[in-house]
2 protein chains.
Amino acid sequence: MSPFDVNRIRELGPAMASEQGEADSGPSPCGACSVRHLTFCAPMAEDELGHVSKIVSTIELHPGDPLFDEGEPADNVYSVTAGSVKVYKLLPDGRRQVIGFLFSGDFMGLAHNDLYAYSAEAITHSAVCRFPRKKLEQLLERFPKMERRLLGMASHELAVAQEQMLLLGRKTAKEKIASFLLMLSKRSEQRGQTPNPVAVPMSRTDIGDYLGLTTETVSRTFTQLKTSNLISLQPANKVELTSIDALRDIAEGI
Amino acid sequence: MSPFDVNRIRELGPAMASEQGEADSGPSPCGACSVRHLTFCAPMAEDELGHVSKIVSTIELHPGDPLFDEGEPADNVYSVTAGSVKVYKLLPDGRRQVIGFLFSGDFMGLAHNDLYAYSAEAITHSAVCRFPRKKLEQLLERFPKMERRLLGMASHELAVAQEQMLLLGRKTAKEKIASFLLMLSKRSEQRGQTPNPVAVPMSRTDIGDYLGLTTETVSRTFTQLKTSNLISLQPANKVELTSIDALRDIAEGI
DNA sequence: CGCCTCTTTGATCATCGTCAACAATGGTGG
DNA sequence: CCACCATTGTTGACGATGATCAAAGAGGCG
């Protein structure tokens with residue numbers, strides 16, 4: 001586990017349940033939430049946070065802990081407050097497509113019918129807030145600004161998904177890896193964390209399943225970028241982007 | 001152009017502008033809209049439609065007509081009311097990824113920042129409604145039920161995009177084509193049109209750019225499915241799905 | 001009827017996947 | 001604290017899927 005995860009989780013302090021997967025609706029976990037500005041709770045005023053706290057429960061996840069599975073009734077919506085989570089879909093024969101990596105502020109579980117469309121699993125030590133879908137919907141009705149924020153975030157997710165389709169359908173392995181590293185770096189920066197060197201908490205297999213490649217190809221491509229002095233692999237799963245401009249050119253296929 | 005497109009457009013009658021790209025804000029185009037139940041206007045009551053009609057203009061598009069380009073200021077949101085439209089992204093060297101095919105009821109242009117994230121172009125003779133973004137946002141503020149509907153549709157789009165990522169990242173050419181035909185058929189049915197034989201109005205190149213394949217591979221795979229008696233190519237770009245169950249198995253990789 | 005575009009088919013090639021073995025890492029227990 | 005072992009990552013050899021290059025056939029619109 002990387003240090004930042006521990007810190008994040010410590011930050012949450014009393015709002016964090018200490019037992020695995022145990023819920024804890026303290027007096028006002030939301031008031032103490034250090035990543036609220038990143039989440040869909042952002043538009044809520046201080047004196048309205050009680051309404052949110054009342055329906056939320058915080059959950060701690062350890063690496064590999066599943067949160068829900070594709071096809072289950074989508075009874076909850078989740079918001080990540082610390083760590084990293086992967087969401088993925090499976091084909092019957094086991095082929096896997098990682099749909100996305102989630103970090104602080106990201107949400108999941110907004111299903112269009114009543115079932116989860118994907119599975120979710122913690123990558124690192126993480127914390128998520130759980131919102132019972134029905135209660136969240138009532139809250140959204142009462143606070144349209146929250147619904148508006150959610151629509152904005154969903155639109156953004158959509159744009160990200162479309163960018164990923166371009167990557168999956170039309171980019172080479174090298175372009176995919178370069179794009180991936182730049183994306184991680186940018187998102188890291190958006191959360192107020194260091195963009196370079198960038199933390200890469202997920203495994204080669206997860207990266208491959210995200211980019212439509214095999215583990216071996218991911219590894220080979222990392223080596224290739226390293227040999228070209230575009231990146232340098234550092235301890236604790238960090239990657240230094242030695243030449244961001246060159247990486248950007250590669251990512252765009254220039 | 002397939003007959004259905006002509007019919008759809010005739011249905012719209014006086015609401016349709018006859019000149020290319022010309023706007024027409026008649027007395028109440030929305031009241032006469034035959035596909036309103038499919039669009040984000042669905043939740044609006046009859047006596048509220050005037051508010052929508054007031055800000056909308058209808059546009060007729062001919063095959064190949066561009067609607068907007070990636071990177072332009074996203075001043076409008078569009079809703080397709082007849083025909084078919086493709087939206088796509090380009091890499092600098094011309095590689096293209098079709099992000100989606102849009103039919104009656106689908107919308108586009110909900111950008112997360114102020115620029116369109118993709119280009120849009122008519123495939124067949126089509127009709128779209130144009131909503132100036134600012135005015136639509138005011139309308140959404142006044143009618144939260146419309147915003148809720150939009151959020152629901154965006155969530156659905158997101159699920160579709162995720163399914164497409166699975167296809168692009170992990171399916172074989174044969175699985176991709178089978179999935180594609182079943183998807184077209186299902187969507188056709190949802191619009192109240194015949195699901196089988198299914199209309200396939202887009203070119204082999206468009207299909208390839210949607211599935212991450214080349215024209216040649218698309219054509220070869222169609223031939224392969226035809227030879228296996230799973231589909232049969234009919235006149236006017238229609239495809240009969242001879243064995244839907246077998247196609248479904250192929251699409252799922254079983 | 002003829003031209004132009006789109007589609008189909010063929011031959012060859014390259015990228016990435018598969019299979020295999022080895023190296024490194026990190027977690028555990030002695 | 002160190003050694004061991006399991007898991008993850010790296011590297012190599014080879015092969016297959018789909019891309020590329022090329023050309024012929026089919027359809028649609030003038």
Side-chain angles (χ1 to χ4, degrees), chain A residues 1-3 5-6 62-64 86 91 93-97 123-125 167-178 180 200-227 231-239 250 253, chain B residues 1-3 5-6 62-64 86 91 93-97 123-125 167-178 180 200-227 231-239 250 253:
Chain A
M1 189 196 336
S2 74
D5 294 313
V6 175
H62 293 274
K86 66 185 174 198
L91 286 172
D93 66 357
R95 277 175 285 172
R96 204 168 61 120
Q97 178 67 37
I123 295 173
T124 58
H125 190 193
L167 178 149
L168 289 169
R170 289 304 181 207
K171 290 189 181 180
T172 66
K174 197 172 169 182
E175 291 163 2
K176 286 177 177 181
I177 297 287
F180 172 70
V200 183
M202 63 291 290
S203 70
R204 296 289 185 260
T205 303
D206 286 343
I207 298 174
D209 285 346
Y210 182 60
L211 301 177
L213 300 171
T214 59
T215 310
E216 294 94 327
T217 300
V218 172
S219 184
R220 275 185 247 273
T221 309
F222 267 100
T223 303
Q224 194 186 343
L225 292 176
K226 195 173 57 183
T227 307
I231 64 173
S232 124
L233 304 188
Q234 300 190 348
N237 294 319
K238 290 216 187 313
V239 176
I250 291 172
Chain B
M1 191 196 339
S2 74
D5 294 313
V6 176
H62 293 273
K86 67 184 174 200
L91 286 172
D93 66 356
R95 276 175 285 173
R96 203 167 61 119
Q97 178 66 39
I123 294 172
T124 58
H125 191 193
L167 178 149
L168 289 169
R170 289 305 182 206
K171 291 189 182 179
T172 66
K174 198 171 168 184
E175 291 163 1
K176 286 177 177 180
I177 297 288
F180 173 70
V200 182
M202 62 292 288
S203 71
R204 296 291 183 257
T205 304
D206 286 343
I207 297 174
D209 285 347
Y210 182 59
L211 301 177
L213 301 171
T214 58
T215 310
E216 294 94 325
T217 300
V218 172
S219 184
R220 275 185 248 274
T221 309
F222 267 101
T223 302
Q224 195 185 344
L225 292 176
K226 195 172 58 182
T227 307
I231 64 172
S232 126
L233 304 189
Q234 299 190 349
N237 294 319
K238 291 213 185 316
V239 176
I250 291 172

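Computed from heavy atoms alone, side chains included, the values below leave out hydrogens, waters and symmetry copies. The sequence lines fix the lettering, A, B, ..., with proteins before strands; numbering per chain opens at 1.
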Rounding to 10 degrees, work out the angle separating the end axes of the helix from C:dC1-D:dG30 to C:dG30-D:dC1 (five pairs an end).
40°
Figure out the NZ/C1' separation between A:Lys176 and C:dG17, and round it to whole Å.
12 Å
With rounding to the nearest 0.5 Å, note down the distance linking OG1 in A:Thr223 to CD1 in A:Ile177.
10.5 Å
Would you please name every residue forming a side-chain hydrogen bond (donor to acceptor under 3.5 Å, both in side chains) with B:Thr221, sequence neighbours left out?
none
Side-chain touch B:Thr217/B:Leu211, heavy atoms, less than 4.5 angstrom
no
Name all residues meeting the side-chain contact (heavy atoms from CB on, under 4.5 Å) criterion together with A:Arg96; count only those two or more places apart in sequence or in a different chain, and write none if there are none.
A:Lys86, A:Tyr88, A:Leu90, A:Val98, A:Thr205, A:Asp206, A:Asp209
In whole angstrom, what separates B:Gln234's CD from D:dG27's C1'?
17 Å
Calculate the interatomic distance between B:Arg204 atom CZ and D:dG27 atom P; express it in whole Å.
12 Å
Whole-Å distance between C:dA24 C1' and A:Phe222 CZ?
16 Å
Is there a donor-acceptor pair under 3.5 Å between the side chain of B:Arg170 and the backbone N or O of A:Arg95?
no
Which residues pass the ring pair (Phe, Tyr, Trp, His ring centres under 6.0 Å) test with B:Phe180, sequence neighbours left out?
B:Tyr210
Residues in side-chain hydrogen bond (donor to acceptor under 3.5 Å, both in side chains) contact with B:Lys171, at least two apart in sequence or another chain:
B:Ser179
How close or far is atom P of D:dG28 from atom NE2 of B:His125, stated in whole angstroms?
19 Å
Do any of residues 207-220 of chain A sit with a heavy atom less than 4.0 Å from DNA chain D, and if so which?
A:Glu216, A:Ser219, A:Arg220
Upstream residue (5' side of DNA chain C) when A:Ala173 and A:Asn237 are each assigned their closest nucleotide:
A:Ala173
Whole angstrom value for the distance that separates P of C:dC16 from CZ of A:Arg95:
19 Å
I need the CD1-P distance between B:Ile177 and D:dT17, as an integer number of Å.
16 Å
Whole angstroms only, please: what is the CG-C1' distance between A:Leu233 and C:dT25?
14 Å
side-chain hydrogen bond (donor to acceptor under 3.5 Å, both in side chains) against B:Gln224, all qualifying residues, sequence neighbours excluded:
none
Mind checking side-chain contact (heavy atoms from CB on, under 4.5 Å) for B:Arg220 and listing every partner two or more places apart, or none if nothing turns up?
B:Glu216
